[in-house]
Amino acid sequence: CVCVCVCVSAGAEECVVFPRRCVTPEGLRSGQCCPSPSGLPGDAACGSASGRGRCVAVTADERAHGPQYPHDGRDDRERWPLRFFNRTCRCSGNFSGFDCGRCRHGFAGVNCEQRVPVVRRNVMLLSPEEKRAFVDALDQAKRTVHPDLVIATRRYPELFGPDGNATQFENISIYNYFVWSHYYSVGKTFLGPGQPSFGGVDFSHEGPAFLTWHRFHLLQLERDMQDMLRDPSFALPYWNFAIGGNACDICTDDLMGARSNFELNSISSNSIFSQWRVICESVDDYDTLGTICNSTESSPIRRNPAGNVARPMVQRLPEPQDVADCLELKAFDTPPFYSTSSESFRNTIEGYSAPQGNYDPIIRSLHNLAHLFLNGTGGQTHLSPNDPIFVLLHTFTDAIFDEWLKRNNPDSSVYPVQNAPIGHNREFNMVPFWPPVTNAEMFLSAQENLGYAYEAEWPARSYTLTEIITVAIVAALIVVAVIFAATTCAVRARAHGKTEGRQPLLGDQYQRYSDDRDRHQDKSQSVV
Ligand SMILES: O=C1C=c2cc(C(=O)O)[nH]c2=CC1=O
């Protein structure tokens with residue numbers, strides 16, 4: 001079932017992205033978004049007649065959020081998605097999607113029972129044909145209108161246009177929707193004309209949801225691309241950015257585009273990505289006018305890897321050891337569950353702490369360092385997914401997260417249930433995804449639960465100073481013991497050697513004595 005979805009709103013709030021069949025005036029008034037998979041009249045909501053799913057009440061997180069956000073009631077993203085809908089499809093078994101018409105990731109077939117391997121691999125290890133197919137697929141996603149979704153380009157009060165009848169919606173491509181949803185999750189809270197928008201809010205960064213939000217973000221793109229390609233095994237590759245040094249190894253024309261020979265900040269014209277144009281660039285307008293990013297493309301991608309002369313610290317990529325070190329951290333997150341957390345695996349992989357876990361405001365490591373290293377479109381949070389390197393950078397970040405989950409096998413209780421920044425509590429529905437999906441649902445190892453896996457090897461961790469000292473002391477003791485044992489043996493051997501050295505003399509004497517005795521005996525016998 002391919003359904004075209006349009007976002008229309010008739011309530012008193014900003015409209016975002018919902019399935020077309022849900023945003024009829026009746027649909028919005030009812031607060032219910034439970035379409036049938038076929039879309040045919042008489043077919044049951046959410047495919048309930050065939051056991052695909054049921055229409056249920058949406059549950060939204062009610063628990064307290066952290067103190068960073070003091071404007072409760074002013075932002076449509078709060079208690080997502082209750083401003084818009086309070087009933088949605090909940091799919092059974094391996095069925096999924098807003099109408100339960102799709103299969104869960106990693107499954108295919110009419111009844112979604114057929115397992116399909118989705119294996120994310122190191123992009124540098126792909127064959128030339130695989131590299132070309134991946135680049136072409138990204139480019140196709142940039143040019144293919146999203147089959148299900150359109151975006152609202154105004155906040156709700158302006159959504160119906162000046163005369164109240166011209167709703168402000170646009171088509172958007174699959175890739176640009178990926179960019180847009182990231183922008184929507186990080187946008188400031190508009191507090192009214194003439195008032196500065198509030199920037200201390202971010203539904204996808206600087207908190208525990210950083211990992212779960214970006215995991216779902218990638219799953220959605222991978223899923224949309226699988227549908228576009230009609231290939232349920234299509235898998236996004238990853239970029240191992242922890243290679244140290246100042247060279248961007250994936251910045252070649254067969255992958256993400258080499259540097260232009262003519263302009264330092266541009267991509268070579270031999271790469272298809274030199275033709276891409278970014279969306280969501282007019283961030284000052286959105287914040288001052290209270291508008292929303294739309295699908296209008298503007299400038300080319302800017303990129304100048306290792307070229308930030310003002311910040312030498314971001315001129316080098318993370319080291320392999322940084323990954324090994326961050327994987328040693330045992331706590332998923334620590335109070336205040338923010339970008340200031342110390343000894344937190346999440347804050348470390350996000351890159352606000354040193355790789356060993358200690359928080360330091362001047363440090364940028366791992367994921368953040370990889371973004372800033374790109375020094376251009378990919379280094380600015382509201383724009384970064386416009387550079388396709390974002391996809392590869394985040395699949396690697398997700399691979400590290402998955403490795404941490406495998407090693408630690410955590411209970412969901414280690415993810416904070418309350419007092420995380422708004423959007424980051426365990427049961428919060430991630431903004432702006434539809435149908436609702438909580439952070440908890442992405443806090444599971446990928447292969448067993450989410451239908452994809454990574455083919456990756458991880459660097460061994462280095463020894464700590466204590467371990468080095470302990471090993472040195474033990475080694476020194478062993479050496480001393482060996483020398484002592486050897487010396488003792490030598491002395492004993494020498495002593496033994498001296499004793500043995502006298503025996504031939506004794507033997508001689510004894511021989512001579514016995515010879516003499518024999519002679520005497522012979523003589524006396526002959527006398528007799
Ligand atoms: O796109 C991003 C860009 C970032 C820059 C920083 C920083 O630490 O200054 N962090 C970022 C996260 C992003 O997602």
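Computed from a predicted structure; not experimentally measured. All heavy atoms count here, side chains included; hydrogens, waters and symmetry mates do not. Order of appearance sets the numbers: ligands from 1, and atoms from 1 within every ligand.
- Numbered from 1 in the order shown, with element, the atoms of ligand 1 that lie under 4.0 Å from a heavy atom of G379 read 3 (C), 4 (C), 5 (C).
- Using cut-offs of 30° and 60° on the angle between ring planes, the pair F332 and F345 is tilted.
- Checked against the 6.0 Å centroid threshold, H371 and H394 count as a close aromatic pair.
- Closest to atom 4 (C) of ligand 1 among all protein heavy atoms lies T381 OG1, 3.5 Å.
- The protein heavy atom nearest to atom 14 (O) of ligand 1 is H205 NE2, 3.2 Å.
- Under a 4.0 Å heavy-atom criterion, H382 is not in contact with ligand 1.
- Classification of the F390-H217 ring pair by plane angle, with boundaries at 30° and 60°, yields perpendicular.
- Of the protein's heavy atoms, R364 NE, 3.4 Å lies nearest to atom 7 (C) of ligand 1.
- Within the structure, every pair that satisfies the disulfide bond (SG atoms under 2.5 Å apart) test and touches residues 292-369, not counting sequence neighbours, is listed here: C280-C293.
- Within the 4.5 Å cutoff, no side-chain heavy atoms of R83 are placed close to those of R77.
- Protein heavy atom nearest atom 6 (C) of ligand 1, with residue, atom name and distance: N368 OD1, 3.8 Å.
- Taking 4.5 Å as the limit, every side-chain heavy atom of S341 sits out of range of all side-chain heavy atoms of Y359.
- Here L383 has no heavy atoms under 4.0 Å from ligand 1, in either its backbone or its side chain.
- Scanning the protein heavy atoms around atom 1 (O) of ligand 1, the nearest turns out to be S384 OG, 2.6 Å.
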